[in-house]
Amino acid sequence: MTTLPVPPPPLPDLLGDPRPAVLPPDLTAALGARLSPSAVLTDGSVVQVAEVSDVVAALRLAGRHGVPVTVRGPGRVDDGAARRLVVDPGGLAEVTVSPAGWARVGAGVRWRTLADAAAPHGLTPITGASAAERVADTVTGGGVGPLARTYGLAADRVRAVELVTGDGVLRRVTPTDGADLYWGVRGGGAALGVVTAVELDLLAAGPRYGGELRWAEADAARVTEAWRTWSAGLPPQAGTSLLLARPLQGDGEVAVRFAWSGEADDGDALLDRLRAAAPPVRTDLASRGPAGLAAPALAGGVESSLLLDRLSGGATGALLRAAGGSRPRTVEVRLLGGALGWVPQQPSAVCHRDARLAVRVAGGAGAEDRAATRACAEELAAALGGDLGGRTAAHGWGTTPDVLARTPLPAVRDRLAALAAATDPHRILEGAAPGGRS
């Protein structure tokens with residue numbers, strides 16, 4: 001077994017750091033007395049934790065003083081609350097890898113760090129969408145990674161979650177111990193507690209292949225239409241997404257991301273139909289592990305998203321119009337299906353596993369950009385019509401939670417709310433109230 005104390009890297013926040021806020025003086029004094037020597041209170045309201053006991057102290061004191069709590073990290077939208085306590089878990093950075101095929105990681109650990117630690121043992125994690133995501137964020141958000149069609153969600157491989165609930169209690173939840181919280185924290189967002197560690201199964205490292213192909217904007221219509229028909233017939237061993245990008249300056253670009261859980265030659269042969277539609281201007285395809293296949297986060301600040309049953313014949317024009325306009329944005333269409341639609345061994349709060357595709361529209365974080373992103377997604381939803389299968393659009397999210405967990409079904413929403421009420425009597429946990437945002 002290998003245990004690595006990993007120094008936490010600086011934690012970027014796609015939407016900007018929370019605004020500095022002044023906590024009540026008695027809470028500030030109490031935190032100073034209760035936090036471990038290595039923990040730091042910065043910006044007047046941000047607790048950079050060094051130990052799990054710091055998280056326990058922060059939530060207990062926040063409940064006692066009636067101050068809301070949120071977790072610092074990518075995907076957290078700053079609502080400008082004047083008084084709240086922000087927990088930064090970046091200091092919880094321990095990584096333990098067992099040759100038996102599992103790992104335990106602190107809440108500050110990212111997928112790329114876990115992949116590097118697992119590689120000497122011939123093991124690999126099944127990551128979320130981006131290798132730069134923290135493992136804990138992926139788990140609470142579901143985790144549709146590049147190989148999800150082959151292996152399922154990242155959250156489906158979780159053996160245990162350690163979290164501090166709103167009542168300030170540290171809990172370890174598994175399929176047999178705290179089963180309700182184990183169900184809810186995987187895909188139910190951060191409203192059920194502040195995750196301090198995750199234990200998850202790893203896979204044997206094996207042949208995996210993929211990367212990205214790029215085309216000029218002039219080829220967007222041909223490539224988009226070719227991707228629409230080509231992706232519909234892919235086997236579960238293949239994952240892919242189409243990206244249409246409108247930058248702030250210069251020409252737009254079209255990209256296809258591809259991941260294959262098999263031999264490189266077999267995966268490369270599947271791409272011939274796309275190359276025949278138009279020669280790519282740039283190709284970056286190679287044998288690489290799941291963390292290498294995981295994409296960078298989409299540029300931009302705030303997303304809207306749609307879940308679809310199919311892309312009908314008129315979808316190409318609608319997608320191209322959505323990616324156009326004067327404001328910079330990225331439109332991503334991600335192929336779902338395969339193992340995502342199979343019944344997992346351990347159920348979770350993730351909904352909409354039957355969806356076949358997801359569309360993400362990412363724009364800037366400013367008020368006008370957010371409004372434009374929302375309007376673009378609503379226009380796209382209207383154009384696609386019956387392809388949505390009655391599902392509604394989700395607006396105002398950052399990169400987490402992933403698309404399947406943003407609009408929980410009513411029964412799931414009610415169950416999550418009941419769990420939150422039972423473990424957070426002061427209702428101090430913020431930022432992932434079941435049901436979405438506007």
Side-chain angles (χ1 to χ4, degrees), residues 1-14 38-39 48-52 54-55 71-76 87-148 151 153-163 185-186 190 194-206 208 210-211 259 286-297 398-402:
M1 182 179 297
T2 301
T3 300
L4 301 177
V6 182
L11 180 61
D13 188 333
L14 297 180
S38 299
Q48 296 178 342
V49 304
E51 302 175 4
V52 173
D54 297 326
V55 182
V71 179
R72 171 182 265 180
R76 270 58 170 190
V87 176
D88 182 346
L92 304 179
E94 183 181 8
V95 180
T96 299
V97 176
S98 169
W102 57 269
R104 182 182 182 276
V105 298
V109 175
R110 300 169 189 273
W111 287 109
R112 66 163 69 97
T113 302
L114 174 57
D116 289 344
H121 300 280
L123 299 169
T124 184
I126 296 303
T127 74
S130 170
E133 286 180 358
R134 296 183 307 207
V135 176
D137 289 330
T138 300
V139 168
T140 60
V144 182
L147 296 176
Y151 300 109
L153 294 170
D156 290 341
R157 302 210 161 251
V158 171
R159 298 155 56 114
V161 179
E162 296 169 21
L163 73 162
V185 74
R186 294 175 304 119
V194 177
V195 174
T196 60
V198 175
E199 190 175 297
L200 68 163
D201 289 321
L202 304 174
L203 292 182
R208 295 176 178 99
S287 296
R288 40 173 60 105
L293 295 173
T399 55
T400 56
D402 217 319

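Only heavy atoms go into these numbers, but all of them, side chains included; no hydrogens, no water, no symmetry mates.
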What pair of heavy atoms forms the shortest contact from [X] to [Y], and how long is it?
X	Y	result
A50	A39	CB-N, 3.9 Å
V198	V195	CG2-CG1, 3.8 Å
G142	L153	O-CB, 3.7 Å
V52	L92	N-CD2, 4.0 Å
A294	G128	CB-O, 3.9 Å
A291	A131	O-CB, 3.5 Å

What's the spacing between [X] [atom1] and [Y] [atom2] if we round to 0.5 Å?
X	Y	atom1	atom2	result
E133	R112	CD	CZ	10.5 Å
R159	L202	CZ	CG	9.0 Å
T96	E199	OG1	CD	9.5 Å
R110	T138	CZ	OG1	10.5 Å
I126	L293	CD1	CG	9.5 Å
D88	D54	CG	CG	11.5 Å

Treating [X] as the side-chain partner and [Y] as the backbone partner, does any N or O pair qualify as donor plus acceptor under 3.5 Å?
X	Y	value
R288	G210	yes
D116	T113	no
D402	V144	yes
R208	P290	no

Beyond-backbone contact of [X] with [Y], side-chain heavy atoms, under 4.5 angstrom:
X	Y	result
P89	V71	yes
L114	V97	yes
V135	W111	yes

Exercise for review: Tell me, please, which residues at least two apart from R104 pass side chain to side chain donor-acceptor pair (under 3.5 Å).
Suggested key: E162
